[in-house]
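By convention in this document, chain letters (A, B, ...) are assigned in the order of the sequence lines, proteins followed by strands, and residues within each chain are numbered from 1. These numbers were taken from a predicted model, which means no experiment stands behind them.
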Amino acid sequence: MTMVAKDTWDFLFQYENLQFADGRNMTYLCYCVEEKNGDTPMLLHIDVLQNEVAGSHVEILFLSFMRRFLASIDQSLQEARESQVTWYISWSPCADCANTVATFLRERNNVHLRLFASRLYYRDVPEYQQGLRALKEAGAQVEIMSSLEFSDCWDHFVDHQGECFEPWEEMDENVEIFSQKLQDILETR
DNA sequence: ATTTTCAAT
Ligand SMILES: [Zn+2]
């Protein structure tokens, strides 16, 4: 059920969780939207976004999509609908996007976001750290992509031609480093 | 080793 085809080389280059990710000067956002009501979640939408060069960040492109999407379904189903959004994002959100998304989540109590980032973007800049805390405080689940998420992302968003996901060197070590850093950031007040 | 980063020295 691959609905979105991303090149395998491109995926591995852009999502590799290096500590110093030279040349990854763009961002991918693989996402899906599911209906949360009922026992089994129902897939409503799945897509991949990339930022516009020197333009909108992927988070803003996502919000544009989501606003249109909600407007189209709210008419028929009104407020009863709970949607679960899952993000697999190559760089974690910048401060501005994080705050914009946090505001969106506060306005939409029936939208739930799980955010998995491969790498932390400007991890030591206080404003960026604050942005991640704002997302969490707005109810988002903010985590680092681990082997499970890389594998899921590969399965659903990559044109892998039947090839299995092969973890790269240092993947687990880097997951650990970024997870610890994220934990430190989210625990700070 | 102490580097890069939603591009542009
Ligand atoms: Zn941004």
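In this structure, A/Ser118 reaches neither bases nor backbone, as no heavy-atom distance under 4.0 Å exists between it and the strands shown. A/Glu52 comes within contact range of the sugar-phosphate backbone alone, with a heavy-atom separation under 4.0 Å but no base atom that close. Counting non-hydrogen atoms under 4.0 angstrom, A/Ala54 reaches the backbone sugars and phosphates but no base.
A donor atom on one side chain and an acceptor atom on the other are not found under 3.5 Å apart for A/Arg119 and A/Gln14.
Under the 30°/60° scheme for interplanar angles, the aromatic rings of A/Trp154 and A/His160 are found to lie parallel. Between A/Phe150 and A/Phe165, the ring-plane angle classifies as parallel under the 30° and 60° cut-offs.
The residue among A/Asp124 and A/Gly55 whose nearest nucleotide of DNA chain B is located toward the 5' end is A/Asp124.
In 5' to 3' order, the nucleotides of DNA chain B bounding all contacts with chain A (an atom under 4.0 Å from a heavy atom) are B/dT3 to B/dA7.
Comparing B/dT9 with B/dT4, their C1' atoms sit 16 Å apart, to the nearest whole Å.
Residues A/Glu16 and A/Arg24 are paired through a salt bridge, judged by an N-O separation under 4.0 Å between the basic side chain and the carboxylate. Using a cut-off of 4.0 Å between Lys/Arg side-chain N and Asp/Glu carboxylate O, A/Arg114 and A/Glu143 are scored as not salt-bridged.
Once rounded to the nearest 0.5 Å, the distance linking CE of A/Met145 with SG of A/Cys153 reads 4.5 Å.
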